[in-house]
Amino acid sequence: MEKTFQPADIETRWYQEWESKGYFAPQGGDQAYCIMIPPPNVTGSLHMGHGFQEAIMDALIRYHRMAGFNTLWQVGTDHAGIATQMVVERQLEAQGASRQALGRDQFVDKVWEWKAQSGGTITEQLRRLGSSMDWSRERFTMDPGLSEAVQEVFIRLYREGLIYRGQRLVNWDPALHTAISDLEVVSEEEQGKLWHFRYPLSNGEGHLTVATTRPETMLGDTAVAVHPEDGRYAHLVGQTIDLPLTDRKIPIIADDYVDREFGTGCVKITPAHDFNDYEMGQRHQLEMINILDDNAAINNNAPEAYRGLDRFVARERVVADLDSLGLLEKIEDHTLKVPRGDRSGVVIEPYLTPQWYVDAKTLAQPAIAAVEQGDIQFVPKQWENTYFAWMRDIQDWCISRQLWWGHRIPAWYDEAGKVYVGASEAAVREEHGLGDDLVLRQDADVLDTWFSSALWTFSTLGWPEETPELATFHPSSVLVTGFDIIFFWVARMIMMTLHFRKEVPFHTVYVHGLVRDVEGQKMSKSKGNVLDPIDLIDGIQLEPLIEKRTAGMMQPQLAKRIEKSTRKQFPNGIEPYGTDALRFTYFSLASTGRDIKFDIGRIEGFRNFCNKIWNAARYVLMNTEGEDCGQQDGGDLALSLADRWIIGRLQETEAAVADAVAQYRFDLASQALYEFIWNEYCDWYLELSKPVLWDENASPGAKRATRRTLIRVLEAWLRLLHPFMPFITEEIWQTVAPLAGKAGPTIMLQPYPEADLSAIDKAANADIEWLKNVIIGVRNIRGEMNIPPGRELTVLLKNGSDADKSRLEQNATFLKKLAKLADIGWVEPDEETPLSATALVGELEILVPMAGLIDKEAELARLAREIEKTEQDLARVEGKLSNASFVDRAPPEVVSKEREKAAALEQALGKLREQVERIQTM
RNA sequence: AGGACUAUAGCUCAGUUGGUUAGAGCGCUACCUUGACAUGGUAGAGGUCCCCAGUUCGAAUCUGGGUAGUCCUACCA
C-alpha cells in the first residue's frame with residue numbers, strides 16, 4: 001500500500017467494477033426501499049447542490065442495500081423544456097440561424113442532437129460521485145413510455161374536467177414568447193417611478209388624478225375605480241372620463257378593492273394587462289382591451305400613434321404626450337416589485353391568451369389530506385406548513401407553453417375551433433366519427449416540463465402498465481430534495497400520484513438546505529463563486545479555475561472582480577481531495593433545517609481523515625497479513641482489556657449511526673464515525689495493540705486475540721463507513737476481509753453491521769477510562785513541564801484503592817508503553833516520596849519525581865492554575881448545595897450527585913494544596 | 001404585509017426530554033520525524049451561549065419582548 005491515500009487511483013476503477021457487475025440493480029429481501037432521483041436537466045451539468053443531494057441519496061441507498069432491503073435508486077433526466085430550448089436557440093443564433101427559419105420538426109431534431117451530444121455529461125458526473133443508481137433503468141422524461149404516461153394523464157384529466165382550456169390573463173414572457181406559470185415568475189424590488197396623470201371628467205367639471213407605474217397601459221384603460229365609501233368621489237360614480245390620447249369614454253366605478261389611503265384614491269383599471277384589474281373587470285363586466293402583441297409592443301387596438309412601439313418606448317411617448325397636454329401632474333420615485341421570467345430575466349406582462357389549465361384546487365384536496373394524516377411526512381416538519389400554506393390557496397396551473405421542445409398537447413381543432421382531445425389524430429377521428437374531409441390541426445403548444453415531472457414516481461416504473469416494478473417499488477420510500485422545488489415538483493407529484501394511483505408517491509420528504517459559498521452567498525455564475533464538485537474531487541489549477549469562472553461573462557468588469565477574488569481565495573488552485581472526502585464533508589454539514597456554507601477547510605480535514613483510515617489499515621495489515629488472526633474459530637483467545645473495550649465501542653458506534661440515519665442526521669452519523677475511527681480506534685486502540693503485538697512474552701492467545709480484534713473491528717467499521725465513503729472502504733476491505741474471515745466480491749453487498757448491545761463491556765469502558773486518565777495525567781506533566789518526549793520517566797502511584805491496584809497490575813505494560821515510563825510502582829501513603837509533580841485521577845495520586853527534570857517554579861505555577869480551576873468548580877457546586885430550595889426541591893439523585901462532586905473537588909483541592917506546601921518547603 | 005429559519009470559540013458547526021467542567025473540526029501556541037500516518041503525534045490557549053425580562057431550586061436549552069441576518073409567500077395602482 002502507498003504511504004498516503006491516492007483517491008484518483010481507485011475511484012473510477014471501483015465504480016466501473018460495480019456498475020459492470022450489476023451491483024446497483026435491485027436485489028435482496030422482501031422489503032423494498034426506493035428513492036426516485038429528482039431528474040436533473042439532461043443537458044445540464046453538476047453543481048454543489050446536486051453533489052450534496054446525490055451524496056445523501058447514495059448514503060441512504062447503500063445503507064439500505066447493505067441492510068438487506070430490495071433497493072432501487074431510480075435514475076433519469078428531465079427534458080427541461082424552456083432551459084434546453086433556449087440553449088439550442090442560442091447555438092443557432094451564433095450560427096446565424098434561427099428556430100423559425102428551421103421550422104418545428106427540424107428544430108426539434110436539433111434539440112435531440114444536442115441531447116445526444118451533451119446528455120452524457122451529467123450522468124458521467126453522477127458516476128464520479130459514487131452514486132449507486134441503477135443505470136439499467138435510466139429514464140428520460142421524453143422517452144416513449146414516459147410520453148405515453150403524460151398523454152394518458154392529460155386525456156384522463158381532460159375527460160374528468162380537471163384540465164380545461166381558457167382565455168384569461170397569464171404571465172407572458174415577451175422574450176421567450178410563451179406563457180409561464182406563477183412559480184416561474186420572480187419578483188424583485190427595483191427602483192421605478194410613479195406617474196400621476198389627470199383624467200378629465202367628461203362633463204368638463206375637472207379631473208381625477210390616477211397614479212401608475214406602467215403609463216403605457218393607460219391606452220387599454222376601461223375604467224377608473226374609487227372606493228364605494230369614499231366621500232370625495234361618491235358623487236362621480238357612474239359618470240365617465242374622457243380617456244386622454246384616445247377617443248374613448250370610460251366609466252367611473254366603485255369597488256372596495258381600492259385603497260382610499262393610497263395616492264389619490266383613484267385607480268386606473270386595465271383589465272387586459274393587470275391581474276387585479278382583470279378581476280375587477282370581471283366583476284364589473286368591463287371591456288377588455290388588449291393593447292400588446294406577443295413581443296409586448298403596442299398593437300392595433302391602440303391609437304395609431306403608438307402602434308408598433310415597444311412597451312418601454314411607448315411608455316416614454318405616453319408620458320411625453322400627456323405632459324404636453326398638461327395632464328402630467330407629477331412623477332415620484334417609487335420602489336416596486338418587478339416581475340421577471342426566471343429564465344429570460346425580462347419583465348413579464350400579464351397577457352390575455354388562450355391556455356390550458358389544470359384544476360389544481362380539486363387535485364389539492366387529497367394532497368393536503370395526505371400530509372395532514374401523516375401519510376407523507378416532511379423532514380424537517382416545519383416544511384409541512386409551507387406546503388399547506390401554498391396548497392390551501394393554490395391557483396389553477398397553466399400547463400401550456402408556446403415552445404417546441406416538450407410533450408405536445410394531445411388536442412386537435414377543427415376549423416370551427418372545436419377541440420378534440422385524444423391519443424392521436426386517428427384516435428380522435430375515430431372516437432368522434434370525423435370524416436376525412438374535416439381538417440384537423442394539432443394544438444401547437446407543449447406541456448410545462450413540470451407536468452411530466454409530476455408523474456415521475458410512477459411513470460418511470462412503467463405506468464400506465466401495471467408492472468411488477470410498480471407493484472414492488474411504489475410508493476417510494478423517501479424523496480430527497482431542496483425546498484426550492486416543493487411547489488414546482490413535490491406538491492404536484494403528490495397531487496398527480498394520489499389522483500392516478502390512489503396512493504402517495506413517497507412516505508417521507510427529506511428537505512435539505514441550499515449549498516452556499518463560504519460567505520453564505522448563493523453560488524451563481526454571475527457572482528463567480530461557483531464550485532464544481534468535480535474540481536474538488538480532481539483538483540484544479542488556479543488559471544483553469546479562473547478561466548472557468550469567467551468564461552462567457554457579458555460584463556468584463558465582473559470578470560475582473562471574479563478573477564481577483566478567486567486568486568485571493570485559491571492562490572494555489574484547488575487540491576484534489578477525492579470523492580470520499582467531498583461526500584463526508586457534505587454529510588458533516590448536513591444538519592436539518594439550515595443551509596450549508598461550504599468551507600474548503602472542512603474538506604481538507606476529511607481528506608486527512610481518509611489518509612488516517614488508509615494508514616490505520618496499513619498498520620493493521622502489516623501486523624496481520626501472514627499471521628494467525630483467528631479466522632477459524634478455535635485456538636486460544638485471550639482478549640485484552642483494550643480488545644473488549646474497542647469491541648464494545650464499535651457496537652455503540654453502530655447503534656449511533658443507525659439512530660442518526662433513521663433521523664436523517666447525516667452530520668451526527670459522520671461525527672460518530674469520525675470520532676470512533678480517529679479518536680478511539682486509531683488514537684487508543686492501535687496504540688494499545690502495540691504492547692501486545694510487540695511483546696515477546698505475550699501469550700500466543702493474547703496475540704491472536706489482538707490480531708483478531710484489530711482486523712475484525714476494522715472490517716466491521718469499513719462496512720459501517722461504506723455508505724458514506726464508498727471508495728476507500730471498498731479498496732481496503734478487499735484486502736482486509738479474508739483476514740477477518742469474510743468473503744465476497746464487494747463490500748457493497750455485505751451485510752450492514754448491526755449493534756450487538758450485549759457486547760458492550762461497561763467494566764472495560766471504565767477500566768480504559770482509568771488507563772487513559774493515568775496516561776493523560778503523566779502526559780500533561782510531561783507536556784507542561786517540557787520534558788522531552790523521548791525521556792523515559794519513573795512514576796510513583798499513591799493513595800490508590802484496591803481497584804486502582806488491580807488495574808495497575810493488569811495494565812502496567814500498557815501504561816509504560818503509552819506514557820513512556822521506565823518504571824511504575826506504589827508508595828505507601830505515609831512513605832517518604834521524592835519531590836514530585838503530581839496529577840490526580842480521582843483519589844489516586846500520580847507522582848513524577850522532579851529531580852533534574854522539573855523546574856520548581858513551573859510546577860508551582862501549574863499547580864496554582866489547577867487549584868484555581870478546582871476552587872471555581874467547588875464554589876459553584878457549594879453554591880448550589882447551600883441553596884436550601886435546591887436541596888429541597890431538586891430530585892434527590894441530582895442533589896447527591898452534586899454532593900459527591902463537592903466531596904471529590906474538596907479532596908482534590910486538599911491534595912493540591914498539600915503538594916504546593918511540600919514543594920515550597922523543600 | 002404575513003410566515004419560516006438562524007444567532008454558541010477567530011472561522012464552520014454539534015449540543016437529545018431543562019441538571020455537562022458547554023463540545024468537534026479548522027485555525028492558533030509549544031514541543032516532537034518514536035518502527036501506520038508530518039494529510040501525523042502530544043500538550044495547551046481560546047466562550048457575557050445576540051440582548052432584556054419571565055417561568056424554575058436550576059436556563060445555551062422553555063415562554064414573552066427586542067436586535068441582527070437569511071429565506072419564502074402575497075402584494076397598492
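Proteins come first, then strands; the chains are lettered A, B, ... in the order of their sequence lines, and each starts at number 1. Remember, it's a predicted structure, so these values are computed and weren't measured experimentally.
Taking atom P on both nucleotides, rU48(B) is separated from rC11(B) by 12 Å, rounded to a whole Å. Between rA74(B) and rA68(B), the distance separating the two C1' atoms is 25 Å to the nearest Å. As rounded to the nearest Å, rA45(B) and rC26(B) have C1' atoms that lie 16 Å from one another. rU39(B) sits 15 Å from rU33(B) when the C1' atoms are compared, rounded to a whole Å. Spacing of C1' atoms, rA14(B) relative to rA24(B), comes out at 7 Å, to the nearest Å. Across the P atoms, rA4(B) and rC62(B) are found 15 Å apart, a figure rounded to whole Å. Rounded to a whole angstrom, the distance from the P atom of rG27(B) to that of rG66(B) is 42 Å. Spacing of C1' atoms, rG25(B) relative to rG19(B), comes out at 28 Å, to the nearest Å.
Heavy-atom neighbours of E188(A) CD from other residues, nucleotides or ligands within 6.0 Å: at or below the threshold of 12. Within 6.0 Å of atom CD in E893(A), more than 12 heavy atoms from other residues, nucleotides or ligands are found, so the atom counts as buried in its surroundings.
Summarising the geometry, the separation between CD on E188(A) and C1' on rU73(B) is reported as 14 Å, rounded to the nearest angstrom. The CZ atom of F262(A) sits 15 Å away from the P atom of rA1(B) (whole-angstrom rounding). At whole-Å resolution of the value, CG in N171(A) and C1' in rA74(B) are 14 Å apart. A straight line from CD of E190(A) to C1' of rC75(B) spans 15 Å, rounded to a whole angstrom. Taking atom CG of residue D484(A) and atom C1' of nucleotide rA4(B), one finds them 15 Å apart after rounding to whole Å. Rounded to whole angstrom, the span from the CE atom of M280(A) across to the C1' atom of rC75(B) amounts to 14 Å. Rounded to an integer number of Å, the gap from CD1 of I596(A) to C1' of rU12(B) is 11 Å. As rounded to whole Å, 16 Å separates atom C1' of rU20(B) from atom CD of E900(A).
Residue contacts shown for F606(A) are absent, as no nucleic acid heavy atom lies under 4.0 Å away. Residue contacts for L514(A): at a heavy-atom cut-off of 4.0 Å it reaches no nucleic acid atom on any strand shown. Residue R602(A) is in base contact, counting any heavy-atom pair closer than 4.0 Å across all strands shown. At a threshold of 4.0 angstrom between heavy atoms, the contacts of R782(A) with the nucleic acid are absent. Using a 4.0 Å heavy-atom criterion, one finds that D393(A) contacts no nucleic acid atom at all. Among the heavy atoms of the strands lying under 4.0 Å from Y674(A) are primed sugar atoms or P, OP1, OP2 only; no base atom is included.
Taking side-chain N and O atoms only, R665(A) has a distance below 4.0 Å to OP1 or OP2 of rG15(B). Distances shorter than 4.0 Å separate none of the side-chain N or O atoms of H196(A) from OP1 or OP2 on rA77(B). Within the structure, a side-chain polar atom (N or O) of S591(A) is placed less than 4.0 Å from OP1 or OP2 of rA14(B).
Residues of residues 211-220 of chain A having a heavy atom closer than 4.0 Å to RNA chain B, listed by number: A211(A), T212(A), T213(A).
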Could you run down the sub-3.5 Å N/O contacts of the protein with nucleotides 68-71 of chain B?
none

Nucleotide by nucleotide, 5' to 3', does protein get under 4.0 Å of the base (B), only the sugar-phosphate (S), or neither (-) in nucleotides 28-39 of chain B, counting heavy atoms?
--S-S--BBBSB
Where protein sits on nucleotides 54-59 of chain B, one letter per nucleotide: B base, S sugar-phosphate only, - none, heavy atoms under 4.0 Å
---B--
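Listed for the T212(A) side chain is a donor-acceptor partner under 3.5 Å among the backbone atoms of R214(A). With W614(A) contributing its side chain and E2(A) its backbone, the two residues share a donor-acceptor pair below 3.5 Å. Looking at R782(A), its side chain does come within 3.5 Å of a backbone N or O of P788(A) through a donor-acceptor pair. With hydrogens and angles ignored, the 3.5 Å screen pairs no side-chain donor or acceptor of D221(A) with any backbone N or O of A223(A). The closest donor-acceptor contact from the side chain of D396(A) to the backbone of A360(A) lies under 3.5 Å. Distance alone, capped at 3.5 Å, places no donor-acceptor pair between the D667(A) side chain and the S588(A) backbone. A donor-acceptor distance shorter than 3.5 angstrom exists from the side chain of D580(A) to the backbone of F727(A), with no hydrogens or angles considered. The backbone N or O of E575(A) sits nowhere less than 3.5 Å from a side-chain atom of R607(A) that would complete a donor-acceptor pair. In this structure, R602(A) contributes its side chain and Y586(A) its backbone to no donor-acceptor pair below 3.5 Å.
Between F584(A) and F606(A), the ring planes lie perpendicular to each other; the angle is over 60°, past the 30° to 60° tilted range.
Taking the side chain as every heavy atom from C-beta outward, F483(A) and V511(A) approach each other to under 4.5 Å.
Checking E349(A) against H273(A) by side-chain atom types alone, no donor-acceptor pair falls below 3.5 Å.
Taking every side-chain heavy atom of K597(A) into account, rC13(B) is the closest of rC13(B), rC72(B), rA77(B).
The only member of I10(A), I613(A), N615(A), N608(A) that meets side chain to side chain contact (heavy atoms under 4.5 Å, CB included) when paired with F5(A) is I10(A).
In this structure, CD on E329(A) lies 12.0 Å from CG on L322(A), to the nearest 0.5 angstrom. The distance from atom CD1 of I253(A) to atom NE2 of H284(A), rounded to the nearest 0.5 Å, is 4.0 Å.
Where RNA chain B pairs in unbroken runs of 3 or more (Watson-Crick or G-U, both distances under 3.5 Å), the stems are B:1-7 with B:67-73, B:10-13 with B:23-26, B:28-32 with B:40-44, B:50-54 with B:62-66.
Each of Q671(A) and R779(A) was matched to the nucleotide of RNA chain B holding its nearest heavy atom; the match closer to the 5' end belongs to Q671(A). Nearest-nucleotide positions on RNA chain B for K337(A) and K897(A) put K897(A) closer to the 5' end.
Annotation: cation-pi pair K690(A)/Y619(A) present, NZ/CZ under 6.0 Å from the ring centroid and within 45° of its normal.
Every residue meeting the side chain to side chain contact (heavy atoms under 4.5 Å, CB included) condition with A616(A), not counting sequence neighbours, appears here in chain and number order: C682(A), L686(A).
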